[in-house]
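A quick write-up on the structure given underneath.
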Amino acid sequence: MKNHVKYKNDKRFILSENIIGYIDGHGNIIDTQTAQDPCGVTPIEFDNSQKALEIIRHSTAHLMAQAITELYPNSQFFVGPVVDEGFYYDFRVDEKIGEEDLKTIEKKMKELIKKKYIIEKYEISKEEALKKFANDDLKLAVLSRIPDNVVSIYKQGEFEDLCRGPHVPGLRFLNNFKLTRVAGAYLGGDEKAEMLTRIYGIAFADKESLNAHMTMLEEAKKRDHRKIGAEMELFMFNEEAGAGLPFWMPQGAKLRVKLEEILHKAHRIRGYQPVRGPEILRSDMWRTSGHYACYGENMYLTEIDEQEYGIKPMNCIGHIQIFKQTQKSYRDLPLKFYEYGVVHRHEKSGVLHGLLRVREFTQDDAHIFCTPEQISSVVLEVVEFVDAVMKLFGFNYTMEVATKPEKAIGEDSVWELATQGLKDALDGNSLPYTIDEGGGAFYGPKIDVKITDALGRKWQCGTIQVDFNLPQRFDIEYVAEDNTRRQPVMIHRAILGSFERFIAILTEHYAGEFPFFLAPTQVIFVPIAQSHVAYANTLKQVLMLEGIDAEVSDKNDSLNKRIRTAEKQRVPYVVVIGDEEVGTQTVAIRDRRAKEQYNLTQDEFMVKLKQQLQEGKI
RNA sequence: GCCCAGAUGGCUCAGUGGCAGAGCACUUCCUUGGUAAGGAAGAGGUCGGCGGUUCAAUUCCGCUUCUGGGCUCCA
């Protein structure tokens with residue numbers, strides 16, 4: 001260790017046993033190993049503050065690496081950062097590591113903690129580091145990314161790791177952790193590179209917080225749309241039919257139809273006209289559009305009468321043909337076509353995920369043909385439409401402006417114009433957004449609307465895309481005021497994104513307790529005895545005529561059992577019908593959403609239900 | 001597509017190199033009950049598919065389909 005500058009923990013800086021680091025004037029974390037002067041720094045207590053957890057979790061990642069090194073001596077480590085949901089470490093190992101092995105690693109980590117190692121730091125020159133890790137290509141890869149000439153090494157017991165820190169003073173601060181999952185991860189995030197083993201974990205300052213976190217995860221799992229979807233018989237998949245191809249069961253289809261109807265009305269009152277294009281189009285058309293070249297690997301192709309056809313992965317081409325069919329005037333613009341377009345995309349097998357990521361889905365797709373001058377107002381109108389839908393369901397969402405991707409058609413200047421158009425619409429109305437560099441569609445930039453699911457994952461739903469390219473490729477035009485032929489701009493947009501993904505998120509958002517206007521079965525009548533079934537059936541018919549899905553539960557089960565079954569199906573209103581109700585022409589309601597019971601007359605009940613149907617209006 | 005882990009009645013899950021198990025659901029019967037599981041009987045599985053090892057495979061091995069957790073990519 002000659003030449004190494006070693007930082008001793010100077011006792012003067014240790015204000016208490018509970019300090020695990022400091023924050024300097026710039027908000028940076030300085031760990032106790034690095035801190036030299038306590039002036040102008042704020043101590044970080046050993047608690048669950050964001051800064052404290054960052055240090056604790058990073059050190060826990062190191063502790064895990066130390067344990068793995070002891071259990072698998074040939075393992076080599078790449079990077080082990082702190083992420084939103086804890087920490088991970090990527091490493092290469094000869095053995096296969098599975099979920100079961102996590103327990104063994106945790107046990108070893110606990111053993112190491114008992115050895116009460118302190119964590120020390122020393123610095124060496126990059127040159128020395130290159131020599132020191134000459135036999136470790138992963139460490140060399142890490143070193144190659146560090147521009148500094150001096151690098152730091154952290155040491156606990158025999159274990160040393162190249163690291164920038166920060167770390168807790170000793171292992172005694174690392175008692176409350178859990179290794180959560182083992183996964184594969186590409187070296188450097190590059191799909192073509194080697195795949196390393198990654199273990200994720202979480203850590204807190206105290207056991208209670210760790211337990212609370214694990215409980216929260218369990219709760220989130222209960223809301224998983226795949227679980228609720230099976231329980232409520234909303235949708236299914238079938239091994240023989242193939243992966244990523246959802247089947248909508250009656251309950252799910254009823255919910256979906258309600259959503260479709262709400263959206264139909266919302267589109268019509270906003271001046272959209274329904275259209276529909278074919279499911280498959282000749283490949284020549286996909287060549288003209290650029291899909292064949294830019295999106296071909298995601299398309300399903302087939303042959304009919306020796307001609308190649310492509311199943312549509314997007315709906316724009318169909319809408320363009322409909323636009324072209326009749327001559328358009330500037331007076332027609334903006335012209336808005338919408339379609340619940342079924343699309344097929346060959347998503348990689350590993351990315352399929354319940355209804356959130358499938359190979360066949362239906363977009364609430366629309367294309368707005370307008371003049372360049374109209375872009376800003378059209379985009380704004382769409383943003384307001386998005387907001388109305390999000391508010392209806394109480395979603396928080398974020399917007400991202402996605403710019404030109406690597407694989408794209410069209411001139412840079414056109415791209416810039418379109419991108420600026422999107423930004424202007426948002427800036428002009430002071431709507432917040434972030435930039436997703438290179439995340440645009442191949443034909444144009446877009447605004448993505450992202451919603452967070454029960455597990456905190458963000459999903460792209462709505463999207464607004466400005467497109468100068470397809471109008472040019474298909475040579476579409478309108479007659480301007482001065483009788484010249486001009487090219488319109490296309491705005492591609494979806495509000496839900498897809499019914500599949502949106503319903504998945506709705507399911508998790510409501511934990512299956514859908515609002516009345518969406519619930520698959522909205523009212524279930526429970527007649528107490530056979531003699532009350534006729535009255536229940538009459539009421540059911542009245543509701544059905546009003547467009548309210550109602551059922552009568554007249555199975556040969558006890559009253560309690562039938563109420564329990566209805567409750568478990570998450571039906572908003574369970575209505576019990578007995579002698580009293582038949583006699584007075586009333587209903588006894590169990591209101592699942594309000595969690596209360598009360599009696600109403602038939603008329604009062606109808607008024608209440610119709611009122612609640614209206615809540616689904618946008 | 002890549003890494004890891006799985007697949008046992010409709011569902012949730014036990015279990016085993018030698019006869020396949022439970023709860024719920026389902027069917028029939030009894031029960032007609034006033035707000036979250038009344039009772040009895042019964043039916044239902046080539047242990048995901050194909051191949052191999054073995055006297056014998058649901059169990060061990062290989063491939064494959066599908067599922068789950070990630071990576072990469074996307075609505």
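Each chain gets a letter, A, B and so on, in the order its sequence line appears, and its residues count up from 1. The figures here come from the full heavy-atom set of this structure, side chains too, leaving out hydrogens, waters and symmetry mates. The model shown is predicted, which means the values in this text are computed figures rather than measured ones.
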- prompt: Rounded to whole angstroms, how far apart are CG on A:N599 and P on B:G34?
  reply: 15 Å
message: Between the base of B:G34 and the side chain of A:E581, is there a donor and acceptor pair under 3.5 angstrom?
response: yes
So which protein N/O to nucleotides 71-75 of chain B N/O distances come out below 3.5 Å?
residue, atom, partner, partner atom, Å
B:C71, O4', A:G184, O, 3.1
B:C71, O2', A:Y186, N, 3.0
B:U72, O2', A:E191, OE1, 3.1
B:C73, O2, A:R357, NH1, 3.2
B:C73, O2, A:R357, NH2, 2.4
B:C73, N3, A:R357, NH1, 3.0
B:C74, O2, A:R357, NE, 3.2
B:C74, O2, A:R501, NH2, 3.1
B:A75, OP1, A:K446, NZ, 3.1
B:A75, OP2, A:K446, NZ, 3.0
B:A75, OP2, A:Q460, OE1, 2.8
B:A75, OP2, A:Q460, NE2, 3.2
B:A75, O3', A:Q460, O, 2.5
B:A75, O3', A:Q460, NE2, 3.1
B:A75, O3', A:C461, N, 3.4
B:A75, O3', A:R501, NH1, 3.4
B:A75, O2', A:Q460, O, 2.2
B:A75, O2', A:R501, NH1, 2.9
B:A75, N6, A:V358, N, 3.3
B:A75, N6, A:V358, O, 2.4
B:A75, N1, A:V358, N, 3.3
B:A75, N3, A:S498, OG, 3.1

message: Taking the nucleotide of RNA chain B with the nearest heavy atom to each, does A:H346 or A:I589 sit closer to the 5' end?
response: A:H346
- line: Side-chain atoms of A:R226 come closest, of B:C30, B:C4, B:G69, to B:G69
- request: Determine the interatomic distance between P on B:G18 and the same-named atom on B:C60; round to the nearest Å.
  value: 11 Å
statement: Result for 5'-nearest mapping on RNA chain B, choosing between A:G242 and A:Q530, is A:Q530
task: Round to the nearest Å and state the distance from A:K221 atom NZ to B:U67 atom P.
output: 19 Å
message: Going by the glycosidic torsion and a 90 degree boundary from 0, is the base of B:C19 oriented syn or anti?
response: syn
- prompt: Is A:G578 touching bases, backbone alone, or none of the nucleic acid, heavy atoms closer than 4.0 Å?
  reply: base
message: Base, sugar-phosphate or nothing for A:A566? Non-hydrogen atoms, less than 4.0 Å.
response: nothing
task: For A:R592, report the nucleic acid contact type (base, sugar-phosphate, nothing); a contact means any heavy atom under 4.0 Å.
output: base
field: C1' spacing across the pair B:G33 / B:G38, given as an integer number of angstrom
entry: 9 Å
task: Using the C1' atom as the reference point in each nucleotide, state the distance between B:G21 and B:U28 in Å, no decimals.
output: 24 Å
- prompt: Parallel under 30°, tilted from 30 to 60°, perpendicular over 60°: which one fits the rings of A:H62 and A:Y89?
  reply: tilted
- prompt: Distance between the C1' atoms of B:U32 and B:A22, in whole angstroms?
  reply: 31 Å
message: Given the ring of A:F77, does A:R92 sit roughly above its face, with NZ or CZ under 6.0 Å from the centre of the six-membered ring and within 45° of the axis?
response: no
message: Taking A:K227 first and then A:E231, would you say they form a salt bridge - that is, a charged N and a carboxylate O separated by under 4.0 Å?
response: yes
task: Go through RNA chain B and write down every stem, that is, every run of at least three consecutive Watson-Crick or G-U wobble pairs with distances under 3.5 Å, as range with range.
output: B:1-7 with B:65-71, B:10-13 with B:21-24, B:26-30 with B:38-42, B:48-52 with B:60-64
field: Spacing of the P atoms in B:A75 and B:U65 (rounded, Å)
entry: 26 Å
Rounded distance (Å) that lies between atom P of B:C30 and atom NZ of A:K561: 18 Å
query: How long is the line joining CG of A:L559 and P of B:A37, in whole Å?
result: 10 Å
A:F87 and A:H58 aromatic centres sub-6.0 Å: no
query: Taking the inter-plane angle between the rings of A:H509 and A:F395 on a 0 to 90° scale, is it parallel (under 30°), tilted (30 to 60°) or perpendicular (over 60°)?
result: tilted
- prompt: Under the side-chain contact (heavy atoms from CB on, under 4.5 Å) criterion, do A:Y295 and A:M314 qualify, and how do the steps go?
  reply: CA-CA 10 Å; A:Y295 205 75; A:M314 299 184 194; 3.9 Å; yes
Under-4.0 Å side-chain N/O to phosphate OP1/OP2 contact, A:H353 with B:G69: yes
- prompt: Using atom C1' of each nucleotide, how far apart are B:U31 and B:G39 to the nearest Å?
  reply: 8 Å
- request: For the pair A:F337 and A:H319, name the ring-plane relationship: parallel under 30°, tilted 30 to 60°, perpendicular over 60°.
  value: perpendicular
query: Aromatic rings A:H225 and A:H353: how do their planes relate, parallel, tilted or perpendicular, breaks at 30° and 60°?
result: tilted
Residue among A:L355, A:I451, A:L356, A:L496 satisfying side-chain contact (heavy atoms from CB on, under 4.5 Å) with A:R501: A:L356
message: So, under a plain 3.5 Å distance rule, would you say the side chain of A:R181 forms a donor-acceptor pair with the base of B:A5?
response: no
task: Could you give the distance separating B:U67 and B:U27 at their C1' atoms, to the nearest angstrom?
output: 31 Å
message: Could you tell me how far apart A:I199 (CD1) and B:A5 (P) are, to the nearest whole angstrom?
response: 12 Å
The single option from A:W248, A:F361, A:Y340, A:F235 passing ring pair (Phe, Tyr, Trp, His ring centres under 6.0 Å) against A:F499: A:Y340
- request: Give, for atom SG of A:C316 and atom NE2 of A:H492, the distance between the pair rounded to the nearest 0.5 Å.
  value: 5.0 Å
- prompt: Whole Å only: how far is the CD atom of A:Q569 from the C1' atom of B:C24?
  reply: 14 Å
message: Mind checking if A:E580 touches a base, just sugar-phosphate, or nothing, with heavy atoms under 4.0 Å?
response: base
- request: Report the nucleotide, chosen from B:A36, B:G34, B:U32, that has the shortest atom-to-atom distance to any side-chain atom of A:I528.
  value: B:G34
task: Report the distance from atom CZ of A:R562 to atom C1' of B:C24, rounded to the nearest whole Å.
output: 19 Å
message: So A:G188, base contact, sugar-phosphate only, or nothing? Heavy-atom distance under 4.0 Å.
response: nothing
message: Classify A:A243 by what it touches in the nucleic acid, base, sugar-phosphate, or nothing, heavy-atom distance under 4.0 Å.
response: sugar-phosphate
message: Taking B:U16 as the reference, what is the distance to B:U8 when you measure between their P atoms (whole Å, please)?
response: 16 Å
- prompt: Can you tell me how far P of B:U27 sits from NZ of A:K555, to the nearest Å?
  reply: 6 Å
- request: Can you label the angle between the A:Y443 ring and the A:H291 ring as parallel, tilted or perpendicular, going by 30° and 60°?
  value: tilted
